[in-house]
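Just so it is clear: chains get the letters A, B, ... in the order the sequence lines come, proteins before strands, and each one is counted from 1.
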Number of protein chains: 2
Amino acid sequence: MTITIKHVAERAGVSTKTVSRVMNGEAHVRTAVREAVMRVVEELGYRPNAFARSLSSARSYLLGLFLDDPAWSGYAAGMQRGALIRCRERHYHLVVEPLDTGTDGWEPDLMASIASLRLDGAILAPPLCAMPPLLDMLDGIGLPYVLISPGKDHQRSGSVDIDEEGAAFAMTRHLIDLGHRDIGLIEGIPSHAATPKRRAGFLSAMHGAGLPVDRDRIVPGDFTFRGGLDGGEALLGRATRPTAIFASNDDMALGVSAAAARRGIAVPGQLSIAGFDDGPTARVAWPPITTIRQPVGEMAAAAVDILIDPSYRDAPTDPRFRRELPYELIVRGSTAAPPPL
Amino acid sequence: MTITIKHVAERAGVSTKTVSRVMNGEAHVRTAVREAVMRVVEELGYRPNAFARSLSSARSYLLGLFLDDPAWSGYAAGMQRGALIRCRERHYHLVVEPLDTGTDGWEPDLMASIASLRLDGAILAPPLCAMPPLLDMLDGIGLPYVLISPGKDHQRSGSVDIDEEGAAFAMTRHLIDLGHRDIGLIEGIPSHAATPKRRAGFLSAMHGAGLPVDRDRIVPGDFTFRGGLDGGEALLGRATRPTAIFASNDDMALGVSAAAARRGIAVPGQLSIAGFDDGPTARVAWPPITTIRQPVGEMAAAAVDILIDPSYRDAPTDPRFRRELPYELIVRGSTAAPPPL
DNA sequence: ATGAAAGCGCTAACAA
DNA sequence: TTGTTAGCGCTTTCAT
């Protein structure tokens with residue numbers, strides 16, 4: 001038989017309401033009573049039933065993490081891990097909702113899930129934060145949400161971000177400082193807010209150093225290994241090829257690495273390669289990839305903190321709910337000085 | 001205001017119990033009534049409150065996925081994805097519980113979570129299935145569970161598995177068929193049930209082909225890139241080195257690949273490398289890794305099916321709840337004939 | 001500071 | 001085949 005609040009109340013000689021107060025850390029309980037109750041709780045191993053609690057109170061103690069990441073990459077995994085850990089610390093639970101916004105019909109599914117679980121809030125990972133219809137929908141049903149690395153829409157809600165443009169600038173600067181003059185860029189999926197920002201950082205570093213950027217040095221990508229391979233092939237197949245390639249994430253950097261290997265181009269001797277994210281794959285390569293560390297776990301944790309903040313619901317646009325976390329340039333073996341002319 | 005079962009009942013002119021029956025697909029409802037109710041449900045956009053349902057029925061419609069994977073590798077991610085998708089199809093929800101059994105104090109946390117969520121069942125990913133104390137604990141509280149790739153303990157409960165030994169045999173055979181005679185093996189973490197099985201498959205293929213296996217051709221590993229790198233260094237640093245290395249998973253195969261690159265050993269020209277799992281990293285390498293495809297997603301889905309089966313709870317040891325899914329040998333660019341002598 | 005009573009929205013058991 | 005009556009275990013409201 002499961003132990004309920006009644007058992008505890010009876011045993012402690014108080015009312016169930018008092019036990020409830022103690023369990024929720026509410027005020028107006030004498031220390032002696034509080035301690036007595038706690039003792040009985042320990043003794044009996046009482047665990048409040050999450051369903052009963054959610055049913056009677058307005059809160060569900062459940063947060064949703066919405067992901068649209070078909071590749072289920074290290075990025076998504078890191079995000080989830082960070083959110084999960086923080087949720088547990090705060091006595092919340094996390095419900096992961098993988099969406100496939102590429103296919104039709106995701107909307108009712110999501111709605112059903114939200115409605116039946118009475119989520120207290122949601123974390124939207126990119127590229128979902130750049131989907132106004134989704135945000136509108138959430139606004140419509142009054143579900144608070146926090147955006148991770150949003151684009152323009154970050155005014156309407158809390159958000160956690162890094163300085164994408166600054167990071168891309170720093171990486172490009174690193175390559176320039178090594179002596180590179182001709183650098184190629186492989187972009188990310190256009191729908192990700194990070195894509196234009198990373199390009200902007202790249203261009204501003206190049207232009208700031210007085211370096212021209214030829215139109216054919218920027219090629220599209222899709223954040224996958226395959227995309228990096230194709231982008232790398234395109235850049236390395238040109239009559240004159242760049243001495244460095246900046247891929248907009250690590251998986252694509254690995255793709256470039258593979259393209260170089262295929263063509264017998266030594267990395268970093270003849271070609272420097274840079275990535276972005278510092279996901280698990282960046283270290284699982286040879287040479288290991290120079291990249292930008294994005295603290296995905298901490299970003300997710302920060303999002304949880306924001307959602308749990310009792311005042312968030314009423315003032316989601318308050319600037320203090322917009323956080324920017326620091327990135328870090330991680331120099332590894334894939335970048336070096338360009339080959340002598 | 002949220003729409004409850006009462007609103008639907010009233011509007012449809014039936015009792016709440018009838019609505020409940022319709023929602024749960026129970027029998028004993030006339031088609032006409034069922035349809036009428038469904039229409040109202042659609043009209044009002046009614047979504048049953050999961051908490052109320054769980055509170056009054058014995059079930060929570062929640063399954064737990066217990067993972068102890070500090071690296072949060074592609075393996076764990078694939079497992080989760082598979083479980084998540086199947087859960088959604090079956091109108092269940094998944095709660096992911098990352099455990100750290102390496103550290104003390106995980107037990108009360110887990111217990112609290114299980115108790116307060118009233119999980120209907122749990123999926124135990126390796127190496128948790130090889131932890132008798134955990135299984136005992138779950139048995140103690142009467143929580144049904146399914147083991148993924150268990151070792152000896154698979155008698156006591158439902159399980160989903162592949163033929164680890166057969167798969168390792170097939171991979172070794174593949175290398176032998178290519179002409180390799182001297183093959184190194186990098187093992188996995190000893191606590192994983194798969195480790196001894198994969199070694200057994202390796203040895204039986206070698207011995208079956210009349211090939212000796214020197215003691216120093218088998219080195220320990222830990223399923224990480226770093227471990228593969230070290231293992232590779234060890235094997236490639238010997239006076240005479242093997243012409244092929246079979247790493248017990250993909251991440252380690254990548255490590256071997258890196259070790260080879262470091263020493264200027266061409267893959268597959270001078271060294272063949274094989275992995276296991278066919279996780280995301282196997283394709284994110286150059287050359288791509290020859291490996292064993294383990295259908296992790298389907299394995300997790302199968303585990304969900306078993307847990308949801310109404311008769312599972314009463315007969316967890318029934319053989320029909322022990323499933324073995326097919327593996328597949330995936331030949332990619334990392335294996336080829338050995339170099340001529 | 002504490003308690004009694006009344007639900008939260010649903011399903012189980014029983015009745016009709 | 002359908003409806004009625006009690007709860008599930010907790011929190012809320014309102015007393016005291």
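- Counting to the nearest Å, the C1' atom of C:dC10 and the CG atom of A:Leu117 are 15 Å from each other.
- For B:Arg86 and B:Glu89, the salt-bridge test passes: some basic side-chain N is under 4.0 Å from an acidic carboxylate O.
- What separates CZ of A:Phe51 from C1' of D:dG7 is a distance of 18 Å, to the nearest Å.
- An end-to-end axis angle of 30° holds for the helix from C:dA1-D:dT16 to C:dA16-D:dT1, taken from five base pairs per end and rounded to 10°.
- The CZ atom of A:Arg118 sits 7 Å away from the P atom of C:dG9 (whole-angstrom rounding).
- Of the possible donor and acceptor atoms, one in the side chain of B:Ser56 sits under 3.5 Å from a partner among the backbone N and O of B:Ala52.
- Within the 3.5 Å criterion, the main-chain N or O of B:Gly158 finds a donor-acceptor partner in the side chain of B:Tyr312.
- We find the OG-CZ distance between B:Ser311 and B:Arg320 to be 4.0 Å, quoted to the nearest 0.5 Å.
- The phosphate of D:dC10 (OP1 or OP2) has a side-chain N or O of A:Tyr46 nearer than 4.0 angstrom.
- When rounded to the nearest whole Å, the span between CZ of A:Arg59 and P of D:dT11 equals 9 Å.
- Between the C1' atom of D:dG7 and the CZ atom of B:Arg53 lies a distance of 18 Å, rounded to the nearest Å.
- Distance A:Ile3 CD1 to D:dC10 P: 11 Å, rounded to the nearest Å.
- Between the side chain of A:Ser60 and the backbone N or O of A:Arg118 there is at least one donor-acceptor pair closer than 3.5 Å.
- Within residues 8-33 of chain A, the residues that have a heavy atom under 4.0 Å from DNA chain D are, in order of number, A:Lys17, A:Ser20, A:Asn24.
- Heavy-atom contacts from other residues, nucleotides or ligands closer than 6.0 Å to CD of A:Glu324 number more than 12.
- The closest donor-acceptor contact from the side chain of B:Asp120 to the backbone of B:Leu63 lies at 3.5 Å or more, if one exists at all.
- For the pair A:Ser54 and B:Ala52, nearest-nucleotide mapping onto DNA chain D gives the more 5' position to B:Ala52.
- No salt bridge links A:Asp161 with A:Arg322; every basic N to acidic carboxylate O contact stays at or beyond 4.0 Å.
- No donor-acceptor distance shorter than 3.5 angstrom exists from the side chain of B:Arg88 to the backbone of A:Ser113, with no hydrogens or angles considered.
- Atom pair A:Leu55:CG and D:dG9:P shows a separation of 12 Å (rounding to whole Å applied).
- If you measure from atom CG of A:Asn49 to atom P of D:dG7, you get 18 Å, rounded to the nearest angstrom.
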